[in-house]
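Chain A is the first sequence line, chain B the second, and so forth, proteins listed ahead of strands; every chain is numbered from 1.
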2 protein chains.
Amino acid sequence: MRQSVENAVAVCPVEVAVAVLGGSWKLTVVKHLTGGTMRFGELRRAVGPVTPRVLTRQLRDLEADGIVSRTVFAEVPPRVEYALTELGETLRPAVVWLDEWGAAYADREVSQGRP
Amino acid sequence: MRQSVENAVAVCPVEVAVAVLGGSWKLTVVKHLTGGTMRFGELRRAVGPVTPRVLTRQLRDLEADGIVSRTVFAEVPPRVEYALTELGETLRPAVVWLDEWGAAYADREVSQGRP
DNA sequence: CCGAATCCTTCAAGATACTG
DNA sequence: CAGTATCTTGAAGGATTCGG
């Protein structure tokens with residue numbers, strides 16, 4: 001268990017979820033992986049403005065936390081596939097819900113035009 | 001709309017949720033407020049190891065994002081009450097779900113004893 | 001193609017002390 | 001009681017370059 005997660009446990013279970021999913025792009029990665037296995041390059045293009053360095057880091061974090069699996073194929077050119085683990089799949093409803101909530105939130109902001 | 005939120009919109013709706021709720025203690029604060037209005041000091045004690053400076057910052061962020069309301073009573077001693085807004089209330093199911101997920105995750109880690 | 005290595009910047013979070 | 005005022009620090013994120 002990563003240190004941040006371990007600290008979170010002591011405070012509140014919700015903080016555990018934040019510790020695991022809170023980094024940039026992490027939920028976006030999980031969301032894309034709910035559609036099935038993806039290669040590194042696919043993920044990179046799908047997520048958008050993320051550098052390889054950062055994406056790698058997020059993926060390794062998610063891997064360490066048991067959310068995604070990483071499969072390396074010994075080929076030329078190299079191929080690495082990422083997929084949700086069983087545990088990662090349990091996040092599906094939350095991802096869907098938060099995705100919809102975020103969209104609704106953004107709409108609300110636009111329609112209300114708050115500064 | 002805060003800048004971070006605005007950036008998030010461009011990428012993915014889930015990132016909006018992360019931008020609004022991602023800071024430390026934020027979801028914990030929201031969780032406690034689902035139980036009803038609380039004063040600053042109550043919140044401080046409830047959350048745990050949070051300094052006033054940080055708690056104030058999180059509360060102001062949440063207020064700016066329309067999740068919590070802040071009511072100042074012109075009394076001596078001072079009293080400030082925080083409550084969920086209508087928008088904040090819409091987060092209730094997510095908070096409950098993430099709380100349970102986090103608890104289950106922590107249990108899993110303990111039982112599996114991953115380093 | 002999938003990263004690793006390097007370097008850099010920024011900023012959230014924490015410690016501490018003080019005030020209306 | 002409910003915050004500010006300063007200061008410090010560590011980690012996250014990003015740009016760029018290089019390698020298997």
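- Rounded to 10 degrees, the angle separating the terminal helix axes of the helix from C/dC1-D/dG20 to C/dG20-D/dC1, each built from five base pairs, is 60°.
- Within the structure, side-chain hydrogen bond (donor to acceptor under 3.5 Å, both in side chains) contacts touching residues 48-57 of chain A (residues at least two apart or in different chains) are A/R57-A/D61.
- Shown here are the side-chain contact (heavy atoms from CB on, under 4.5 Å) partners of A/T90, two or more places apart in sequence or in another chain: A/L87, B/W101.
- Between the CD atom of A/E75 and the C1' atom of D/dG20 there is a distance of 15 Å, given to the nearest Å.
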Could you go through nucleotides 4-7 of chain D and list every protein N or O atom that sits under 3.5 Å from one of its N or O atoms, giving the distance for each pair?
residue : atom : partner : partner atom : Å
D/dT4   : OP1  : B/R60   : NH1          : 2.8
D/dT6   : O4   : B/R53   : NE           : 2.9

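- A/V18 meets the side-chain contact (heavy atoms from CB on, under 4.5 Å) test with A/E15, B/L27; sequence neighbours excluded.
- Side chain of A/Y105 to backbone of B/D65: a donor-acceptor contact under 3.5 angstrom is found.
- With a cutoff of under 4.0 Å to any heavy atom of chain A, the contacted region of DNA chain C is bounded 5' to 3' by C/dC1 to C/dC7.
- Atom CG of residue A/L91 and atom OG1 of residue A/T34 lie 10.5 Å apart, to the nearest 0.5 angstrom.
- For the salt bridge (charged side-chain N to carboxylate O under 4.0 Å, His left out) condition, the pairs that include at least one residue of residues 68-83 of chain B, sequence neighbours left out, are B/E75-B/R79, B/R79-B/E81.
- With sequence neighbours excluded, the residues satisfying salt bridge (Lys or Arg N to Asp or Glu O under 4.0 Å) with A/E89 are A/R92.
- Looking at heavy-atom distances under 4.0 Å, B/Y82 makes contact with sugar-phosphate atoms alone, never a base.
- Counting non-hydrogen atoms under 4.0 angstrom, B/Q58 reaches the backbone sugars and phosphates but no base.
- How far CZ of A/R60 is from CG of A/L55: 10.0 Å, rounded to the nearest 0.5 Å.
- Distance, B/E63 CD to D/dA2 P: 15 Å, rounded to whole Å.
- Nucleic acid contact for A/V54: base, since at least one base atom lies under 4.0 Å from a heavy atom of the residue.
- Within the model, atoms CG of A/L21 and OG1 of A/T28 stand 11.0 Å from one another, a figure rounded to the nearest 0.5 Å.
- Qualifying salt bridge (Lys or Arg N to Asp or Glu O under 4.0 Å) partners for B/D99, counting only residues two or more places apart in sequence or in other chains: B/K31.
- Across the protein-nucleic acid pair, A/L55 atom CG and D/dA15 atom C1' stand 16 Å apart, rounded to whole Å.
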Show me the donor-acceptor pairs, under 3.5 Å and distance only, between side chains in residues 38-50 of chain A and residues at least two apart or in other chains.
residue : atom : partner : partner atom : Å
A/R39   : NH2  : A/P78   : O            : 3.2
A/E42   : OE1  : A/R39   : N            : 2.7
A/R44   : NH1  : A/V50   : O            : 2.9

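- Annotation: side chain of B/Y82 is in contact with side chain of B/L59 (closest heavy-atom distance under 4.5 Å).
- Listed by residue number, B/G23, B/S24, B/W25, B/T51 are the residues of residues 20-51 of chain B with a heavy-atom contact under 4.0 Å to DNA chain C.
- By the side-chain contact (heavy atoms from CB on, under 4.5 Å) test, B/A83 is found to be paired with B/T37, B/S69, residues two or more places apart in sequence or in another chain being considered.
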